[in-house]
Every structure is written in C-alpha cells, then in structure tokens.
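All values reported here derive from a predicted model rather than from experimental measurement. Just so we're on the same page: letters track the sequence lines, and every chain starts at 1. Side chains included, hydrogens not; waters and symmetry mates left out as well; all remaining heavy atoms used.
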Number of protein chains: 2
Amino acid sequence: MMANMARAATTSDVFNAIAEPQRREILVLLRAGERSVTELSREMGVSQPGASKHLRVLREVGLVRDRKAGKQRLYELDARGLRAVHEWTGGFERFWNESFDRLDAYVQDLKQARQEE
Amino acid sequence: MMANMARAATTSDVFNAIAEPQRREILVLLRAGERSVTELSREMGVSQPGASKHLRVLREVGLVRDRKAGKQRLYELDARGLRAVHEWTGGFERFWNESFDRLDAYVQDLKQARQEE
DNA sequence: CCAACGTATTCCGATATGGGTATATGATGG
DNA sequence: CCATCATATACCCATATCGGAATACGTTGG
C-alpha cells in the first residue's frame, strides 16, 4: 500500500536528477551542442542503454529536449531547470562569504577538542 | 565483489546530500541560527532519529558542524560546500537565458501563426 | 551512582537506483 | 518490404535509501 517511500523519485526532481555524476557530465557535454545518444555514450565511455536511461531521467525533469533527426535522436540542453538550484544555493551565499567563517570554524574546533579531552 | 554500485554514496557528495528535501529544509532552518536535534525534529515534524540521521549525512559532507552544549548537541550551518553547487549550476547561466530567448521566439511564432489564420 | 533527558545507532521492511545484457521499437535507404 | 542502424525498454542483480521502532549511548543534576 505504498507505506514506505524510500526516497523522492529521481524523476520530477531536478535536485535528484543532478545528483548523479554521469547525468551532470551529460549536461556539461551538451553545452557544446546537441548530440546523439551514441555520440554521448561514446564520449562518456558508457553503454548505449546507460546513456539512454540517464537521458530519459534528464528529459523527464526537463533538463534536456530531444528531437528526431533521421535515425538518430538528438538531445539538446534545456538549462532552465538548473536556475532553481542556482537560486536555492544562492540563498546561502552570505553564509559562505562571511569573512569570519574560517576563523569561526577554527574556534569551534578548539572548543570541541577541549570538551572532548 | 562490489561489482554493482547502485548509486554514488550519499555521503561524501554534496549534490546527493541536498537531493533530499528534508535535508534542504534543515539547511534552510539553520540559516536562522544553530539548533538542537530536538528543536529541528520538532520544527520539521520529523521523528528525532529521522532528524539525527539526516544531520549525520549533512555532517559527513561538511554542510553542518555540531557542538556539544550540555545534554544537547547544537548543529550549525557550514554553507561552504554549497558554493560548489552554486558555481556548477552557474556554468549554465548563459544557457538558461538562451533557453528563455528560444522560448520567447517560440511564443512569438505562435502569436504570428495566430494572426495569420 | 542513578534517574531523566537528549541524541545516536541498529535493525527492519519497502522501494528506488544504476549497470549489465538481451531484446523490442523506430526510422531509413534501397 | 527488408536489412540495418539508432534508440528505447525490460529484466535482473546488488546495493543504497528512507522511515519507523526499539534501543544504546552520553550527559547532567541530585
């Protein structure tokens, strides 16, 4: 009865889609222009079904578009979905920019070391 | 012989760590300041072990620091690891702008097609 | 020391995941 | 229509994942 959901479906979630290194690699490759599945699988050193499956995920979350070109199917980047991730992480910019960040971490470490002695 | 790795371990990978909605929620909550585990679990409507386990993942990828405070353990944001994600997605900025242009062009085409009906 | 409180870990069950391999589906040229 | 190339899907396996419940561990006050 679907009581225990193991994790959010990788599809329909951009954060999950880009959690996979090979999928990130695909997106990077596609910045240089559209590619066929075979080209991608060769450039990545991955089996064709492997590439196809990752492309399916990327397609379902909307990060790539595909178009038929003869026997081939060309995949093209659609980076709009990455904007949400960029903006979400951007919401933390002031926290990683704080100049006392490193010093603060250092102080915390000292405190902790003391307490654990 | 560990031949089939199901997916990259969620630990040691920031992209994977933030693929989990609850973990993202924790990070957001911690922007307002450090919190104990119980406080977090209550604010999130999650069990205490649930919170603890997500915090462990976040700690292992370095997105939070913890410090003992009496019986409690206070968790604090360490957003530096998010910078990598921000920058990676930032590498696509010109593409999502371009995509908007393309969408815009498409919309223009639609308008035009209508007028020509 | 011990009772209590706060937190972490362990175990379990259901499910998602990724990589193979084999095979199905699709499109093309002739 | 057929042979062929390109891609997608199905199936299997090993493992990761998440949530819940029970329990272990740690700290503190009395």
Side-chain angles (χ1 to χ4, degrees), chain A residues 1-26 30 34-61 64-76 111-112 114-117, chain B residues 1-13 15-26 34-61 64-76:
Chain A
M1 219 177 280
M2 188 186 163
N4 260 348
M5 181 110 68
R7 74 144 50 188
T10 169
T11 187
S12 86
D13 182 342
V14 177
F15 281 91
N16 252 306
I18 66 170
E20 230 295 324
Q22 310 223 53
R23 288 198 285 264
R24 290 202 296 278
E25 193 183 346
I26 289 178
L30 289 182
E34 58 182 6
R35 295 268 201 305
S36 74
V37 177
T38 302
E39 284 172 318
L40 279 172
S41 74
R42 215 174 22 229
E43 291 184 69
M44 300 173 58
V46 173
S47 72
Q48 174 268 313
S52 266
K53 281 184 274 193
H54 284 310
L55 284 166
R56 190 216 225 294
V57 173
L58 291 172
R59 193 186 340 129
E60 281 173 351
V61 303
V64 300
R65 285 188 293 264
D66 61 308
R67 110 185 139 78
K68 293 178 191 169
K71 297 182 200 172
Q72 297 185 314
R73 184 168 287 265
L74 298 182
Y75 280 88
E76 181 189 14
K111 272 190 201 166
Q112 178 121 8
R114 266 224 204 113
Q115 289 172 342
E116 285 175 353
E117 271 171 6
Chain B
M1 219 178 280
M2 189 185 163
N4 260 347
M5 182 109 69
R7 73 144 50 190
T10 169
T11 187
S12 85
D13 183 343
F15 281 91
N16 252 307
I18 66 170
E20 231 293 326
Q22 310 224 52
R23 289 198 286 264
R24 291 202 296 278
E25 193 183 346
I26 289 178
E34 59 181 6
R35 296 268 202 304
S36 74
V37 176
T38 302
E39 284 172 318
L40 280 171
S41 75
R42 217 176 17 230
E43 291 184 69
M44 300 172 59
V46 172
S47 72
Q48 174 268 314
S52 266
K53 281 184 275 192
H54 283 311
L55 284 166
R56 186 204 213 316
V57 174
L58 292 172
R59 193 186 341 129
E60 282 173 350
V61 303
V64 300
R65 287 187 292 263
D66 61 307
R67 107 184 141 80
K68 293 180 188 165
K71 296 182 200 173
Q72 297 185 314
R73 184 169 287 264
L74 299 181
Y75 280 87
E76 181 189 14

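One can place CD of A:Glu34 at 12 Å from P of D:dT7, the figure rounded to the nearest angstrom. Spacing between atom CZ of B:Phe15 and atom P of D:dA16 amounts to 21 Å, rounded to whole angstrom units. What separates CD1 of B:Ile26 from P of C:dT7 is a distance of 13 Å, to the nearest Å. Taking atom CD on A:Glu20 and atom P on D:dA16, their separation rounds to 14 Å, with Å as the unit. Going from atom CG of A:Asn16 over to atom P of D:dA16 covers 17 Å, rounded to whole Å. Counting to the nearest Å, the P atom of D:dG19 and the CG atom of B:Leu55 are 12 Å from each other. Between A:Leu74 atom CG and D:dA8 atom C1' the separation is 15 Å, expressed in whole Å. Computed from coordinates, the B:Glu60 CD to D:dT17 P distance equals 11 Å when rounded to whole Å.
The base of C:dG29 lies outside donor-acceptor range of the side chain of A:Lys71, with no N or O pair under 3.5 Å. You'll find a donor-acceptor pair under 3.5 Å spanning the side chain of A:Gln48 and the base of D:dA8, going by distance alone. No donor-acceptor contact under 3.5 Å links the side chain of A:Gln72 to the base of C:dA27.
Residue B:Pro49 is the one, among B:Pro49 and A:Gly70, whose nearest nucleotide of DNA chain C lies closer to the 5' end (criterion: closest heavy atom). Nearest-nucleotide mapping onto DNA chain D: of A:Thr38 and B:Ser47, the residue sitting toward the 5' end is A:Thr38. Two residues, A:Lys53 and B:Lys53, neighbour DNA chain C, and the one matched to the more 5' nucleotide by heavy-atom proximity is B:Lys53.
Across all non-hydrogen atoms, the minimal contact from B:Pro21 to B:Ala19 is CD-O, 3.5 Å. Contact detail for A:Leu74 and A:Ser36: the closest heavy-atom pair is CD2-N, 3.6 Å. Of all heavy-atom pairs spanning B:Ala17 and B:Val57, the tightest one is CB-CG1, 4.2 Å. Of all non-hydrogen atoms in A:Ser41 and A:Ser47, the two that sit nearest each other are CB-O, 3.8 Å. A:Ile18 and A:Arg24 get closest at one heavy-atom pair: O-NH1, 2.7 Å. Annotation for B:Gln22 and B:Glu20: closest pair N-OE1, 2.9 Å, computed over non-hydrogen atoms.
The side chain of B:Arg59 lies closest to C:dA8, out of C:dA8, D:dC18, C:dG18.
Here B:Arg56 reaches the OP1 or OP2 of C:dT9: one of its side-chain N or O atoms lies under 4.0 Å away. Here A:His54 does not reach the OP1 or OP2 of C:dT17: none of its side-chain N or O atoms lies under 4.0 Å away. In terms of phosphate contacts, A:Lys68 brings a side-chain nitrogen or oxygen within less than 4.0 Å of OP1 or OP2 of C:dA27. At the phosphate of C:dG6, neither OP1 nor OP2 sits under 4.0 Å from any side-chain N or O atom of B:Arg73. Considering only side-chain N and O atoms, A:Tyr75 lies nowhere under 4.0 angstrom from the phosphate OP1 or OP2 of D:dA6.
Looking at heavy-atom distances under 4.0 Å, A:Gly50 makes no contact with the nucleic acid at all.
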